[in-house]
Structure formats: C-alpha cells, structure tokens
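Step one of this worksheet: look at the structure below.
Remember, predicted model here, so these are calculated numbers, not experimental data. Note: hydrogens, waters and symmetry copies are ignored here, and every other heavy atom, side chains too, is used.
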Amino acid sequence: MTDQPDTAAPLLPDIFLASVALEPNRWKSGDKRRPSLRLGDYAAEAAEAGFAGWELWEDHLFLNGPGELDALVDTALPVRVFNTYAIPGQSAPERLDAVNNAIAALAPALRGVKFNLGPAKDEDADPGAQIEAALRWAERLPEHVRLLCECHPGTVIEEPAAAARAFAAWPRERFGAIVHTFGQPPARLGEWFAALGDRIEHLHIQARDDQRQWSPLAALEPALRAALAELRRQSFSGTAALEFVYGLGRPGESPESLFAQACDDLAALRANGW
C-alpha cells in the first residue's frame with residue numbers, strides 16, 4: 001500500500017519564493033552576474049500560484065537599476081525576507097549601509113533579513129567578532145525586522161554546536177535561525193532542532209535528492225514526508241522559502257522554466273501536507 005496524502009492542516013501557512021531560484025546568472029561574476037528578470041513580471045502569477053511573498057536576493061534590487069526599489073515596494077507580491085550576503089564584522093561599512101537603506105524602504109512589508117556569517121575556511125575569521133557585529137547591526141534595523149542567520153555549510157556556524165553558541169549570544173526577540181530541510185542525512189534536521197529548538201524560524205527548501213542532485217520535489221515524496229514528520233514532532237511554526245529548483249544549471253534554463261518548476265514544487269509541498 002502506498003502512503004496516503006497527509007490530511008492534517010498544512011504545516012506552513014506562508015511559503016515564500018526565493019527570487020534567486022529564478023535567476024540563471026546567480027553564480028556568475030562581474031557583468032555576467034546582472035539579473036535576467038524583474039520580479040514585477042512574475043509577482044501576480046506567483047501570488048496566484050500560492051506563494052505568500054518574495055525572499056528577495058539582494059542583487060535583484062542592487063543590480064537592476066533605478067526604479068527597482070519603488071517597483072518592489074509596490075509589487076503584487078510583497079517582499080517578506082531580504083536575502084543579503086553582507087557579513088557583519090567583515091563587509092565594508094558602505095555595503096551594510098546600502099543593505100540597511102533597502103531594508104528601511106521595504107520595512108512595512110518586510111519580516112526578516114537573511115544573513116550569513118563568514119566562511120569556516122578563513123583562518124583569520126573571528127566568530128566572536130562577527131557575532132558581536134551582528135548585535136550592533138540589529139540596533140540599526142527596524143525593530144520588527146528579525147535577523148535570520150542561515151546555518152549554512154561552509155560557514156563558521158555550519159555545525160549545530162557552533163550555531164548554538166552564536167544564538168546563546170543573540171537575543172531571541174531579534175534573531176532567528178534558518179536551516180535546510182533536504183540534501184542532508186535524515187537525522188540532521190533533528191540535530192538542528194536539538195541544538196536550537198524554537199530559534200529555528202525559517203526553512204530553506206532546496207529540491208535535492210540524497211545524492212545532492214537537483215530534483216523536482218514531486219519525485220522526493222518520501223523525503224518530503226520524513227521532513228514533515230520531524231517538523232511536526234518539533235512543533236515548527238515558522239515560514240519557509242523555496243530556495244532552488246530542478247533545472248538549475250541545466251542547458252536552456254531560463255527564468256520562465258525555473259518559475260514553472262517553482263510552481264510545481266509548491267504544489268508538491270502542499271499536496272504532501274506542507
């Protein structure tokens with residue numbers, strides 16, 4: 001007998017679309033990194049598909065030219081999370097100033113700012129200084145905007161114990177954690193909750209199988225159900241963003257094809273109780 005769809009209420013009232021998921025130029029450098037889409041062209045259709053907002057990749061603002069900020073403020077799909085790669089304690093002050101100005105402009109609709117700490121391979125990195133710099137950064141942001149630190153592989157908080165030390169220094173009223181639901185051993189999600197508990201507020205969903213290959217989420221139903229069961233066991237009540245989708249890096253990828261896959265992935269999540 002095959003598993004039956006989960007008939008409980010959906011786990012996640014709000015699933016956002018990470019705009020980086022639609023960008024073929026996401027990992028290019030120099031002039032080749034320039035965005036190939038404007039989010040306003042997809043906002044209405046994304047809302048109709050059921051996405052609750054954007055997780056905005058900063059280059060879709062900073063590299064899209066004059067007028068883009070006003071367009072994002074007035075978009076049919078609100079920007080709920082601002083995704084920056086500025087690193088507190090490492091990035092130049094003017095870089096953080098630009099990020100802060102964008103956050104202030106988007107703040108009426110914005111809920112959180114996704115950020116990272118520095119790379120673990122940097123022998124000169126001082127995690128304590130970065131943690132302290134994040135505290136000072138929070139003082140410059142609107143009070144209702146939460147700082148969401150991504151527990152990302154390759155950073156100084158890639159392990160649950162290291163992340164727990166950072167969050168012990170950060171007040172829960174301002175800081176929350178982002179973890180990844182797939183592409184790691186099944187027990188890993190439980191390890192993150194054991195370390196951080198309800199500090200985990202946001203999920204990044206990457207459509208990867210156990211071999212770390214991109215896949216449509218509809219092909220990952222066992223993984224979807226296992227992660228869902230763990231999230232329910234942990235009484236997770238936060239948000240999520242669909243971060244990357246199948247088709248990434250494949251010949252012929254385009255914003256249109258990636259958006260279509262994102263909509264299919266959202267449908268698969270909802271069909272499986274997410």
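Looking at R26, R95, K114, R33 one by one, the single match for salt bridge (charged side-chain N to carboxylate O under 4.0 Å, His left out) with E58 turns out to be R95. When F167, W170, W137 are each tested for a ring pair (Phe, Tyr, Trp, His ring centres under 6.0 Å) with F175, only one passes: W170. Of the residues V145, I103, L72, the one that meets the side chain to side chain contact (heavy atoms under 4.5 Å, CB included) test with F82 is I103.
In terms of heavy atoms, T75 sits closest to A43 at OG1-CB, 3.1 Å. The shortest heavy-atom contact between L77 and A52 is CD1-C, 4.1 Å. The nearest pair of heavy atoms linking V20 to H60 is N-CE1, 4.2 Å. Across all their heavy atoms, A162 and I157 have their closest contact at O-CG2, 3.8 Å. For the residue pair A138 and L147, the shortest heavy atom distance occurs at CB-CD1, 3.8 Å. Here the closest heavy-atom approach between residue L189 and residue A227 is recorded as CD2-O, 4.2 Å.
Between V179 and L203, some side-chain heavy-atom pair lies under the 4.5 Å cut-off. Using a 4.5 Å heavy-atom cutoff, the side chains of P10 and R270 are in contact. Here the side chains of L266 and W274 are not in contact, with every heavy-atom distance at 4.5 Å or above. Looking at I205 and L217, their side chains come closer than 4.5 Å, going by heavy atoms from C-beta outward. With a 4.5 Å cut-off on side-chain heavy atoms, V245 and W214 do not count as touching. Between N272 and L228 there is no side-chain heavy-atom pair separated by less than 4.5 Å. Looking only at side-chain heavy atoms (C-beta outward), C149 and L117 come within less than 4.5 Å of each other. Using a 4.5 Å heavy-atom threshold, the side chains of I15 and L269 count as touching.
Side-chain heavy atoms closer than 4.5 Å link hydrophobic residues (I, L, V, M, F, W, Y) into clusters, and following such links, possibly through other members, connects L39 to V99. When hydrophobic clusters are built by joining Ile, Leu, Val, Met, Phe, Trp and Tyr residues whose side-chain heavy atoms come closer than 4.5 Å, directly or via intermediates, L96 is grouped together with L56. Tracing side-chain contacts under 4.5 Å through hydrophobic residues (I, L, V, M, F, W, Y), one reaches F182 starting from W192; they form part of the same cluster. L22 is connected to F51 through a chain of hydrophobic side-chain contacts under 4.5 Å among Ile, Leu, Val, Met, Phe, Trp and Tyr, so both are in one cluster. F16 and L11 end up in different hydrophobic clusters when Ile, Leu, Val, Met, Phe, Trp and Tyr side chains are linked at under 4.5 Å.
More than 12 heavy atoms of other residues, nucleotides or ligands shown are found within 6.0 angstrom of CD on E132. Other residues, nucleotides and ligands contribute more than 12 heavy atoms inside 6.0 Å of the CD atom of E139. Counting non-hydrogen atoms of neighbouring residues, nucleotides and ligands closer than 6.0 angstrom, the CZ atom of R250 reaches no more than 12 such neighbours.
Taken to the nearest 0.5 Å, the CG atom of L12 stands 7.5 Å off from the CG atom of L231. Distance check, rounded to the nearest 0.5 Å: CG of N64 to CZ of R38 gives 4.5 Å. Taking CZ of R225 as the start and CG of L220 as the end, the distance is 12.5 Å to the nearest 0.5 Å. How far CH2 of W57 is from CZ of F62: 12.0 Å, rounded to the nearest 0.5 Å. Considering CG of L148 and CZ of F115, their distance stands at 8.0 Å, rounded to 0.5 Å. We find the CG-CG distance between L106 and L69 to be 5.5 Å, quoted to the nearest 0.5 Å.
In this view, E201 and R146 satisfy the side-chain hydrogen bond (donor to acceptor under 3.5 Å, both in side chains) rule, not counting sequence neighbours. Not counting sequence neighbours, the partners of Q261 by the side-chain hydrogen bond (donor to acceptor under 3.5 Å, both in side chains) test are D265.
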* Check the pair Y42, L37 against side chain to side chain contact (heavy atoms under 4.5 Å, CB included), reporting the backbone distance first and the verdict last. => CA-CA 9 Å; Y42 292 87; L37 71 147; 3.8 Å; yes

* Go through the steps for L17 and F259 under the test side chain to side chain contact (heavy atoms under 4.5 Å, CB included), then give the verdict. => CA-CA 9 Å; L17 177 55; F259 178 72; 4.0 Å; yes

* Evaluate the criterion side chain to side chain contact (heavy atoms under 4.5 Å, CB included) for residue pair V113 and T84; output intermediate values, then yes/no. => CA-CA 7 Å; V113 179; T84 181; 4.0 Å; yes

* Apply ring pair (Phe, Tyr, Trp, His ring centres under 6.0 Å) to the pair F244 and W27, showing each step before the final yes or no. => CA-CA 12 Å; F244 292 118; W27 289 315; 5.3 Å; yes

* Could you walk me through whether R174 and L141 pass the side chain to side chain contact (heavy atoms under 4.5 Å, CB included) test, one step at a time? => CA-CA 10 Å; R174 291 308 306 273; L141 300 180; 4.0 Å; yes

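No donor-acceptor pair under 3.5 Å is formed between the side chain of Q130 and the backbone N or O of I87. For the pair S91 (side chain) and P88 (backbone), a donor-acceptor distance under 3.5 Å is absent.
We find that R188 and E230 are not joined by a salt bridge, their nearest charged nitrogen and carboxylate oxygen being 4.0 Å or further apart. At a threshold of 4.0 Å, the pair R111-D14 counts as salt-bridged, since one of the basic side-chain nitrogens sits closer than that to a carboxylate oxygen. A salt bridge is defined here as a Lys NZ or Arg NE, NH1 or NH2 lying under 4.0 Å from an Asp or Glu carboxylate O, and K28 with E23 fails to meet this definition.
Side-chain N/O atoms of H180 and E150 include a donor and acceptor closer than 3.5 Å. No hydrogens or angles considered: nothing links the side chains of R34 and N25 as a donor-acceptor pair under 3.5 Å.
For the pair R80 and W54, the cation-pi test (distance below 6.0 Å, angle within 45°) is failed.
Here the two rings, on H152 and H204, have centers that are 6.0 Å apart or farther.
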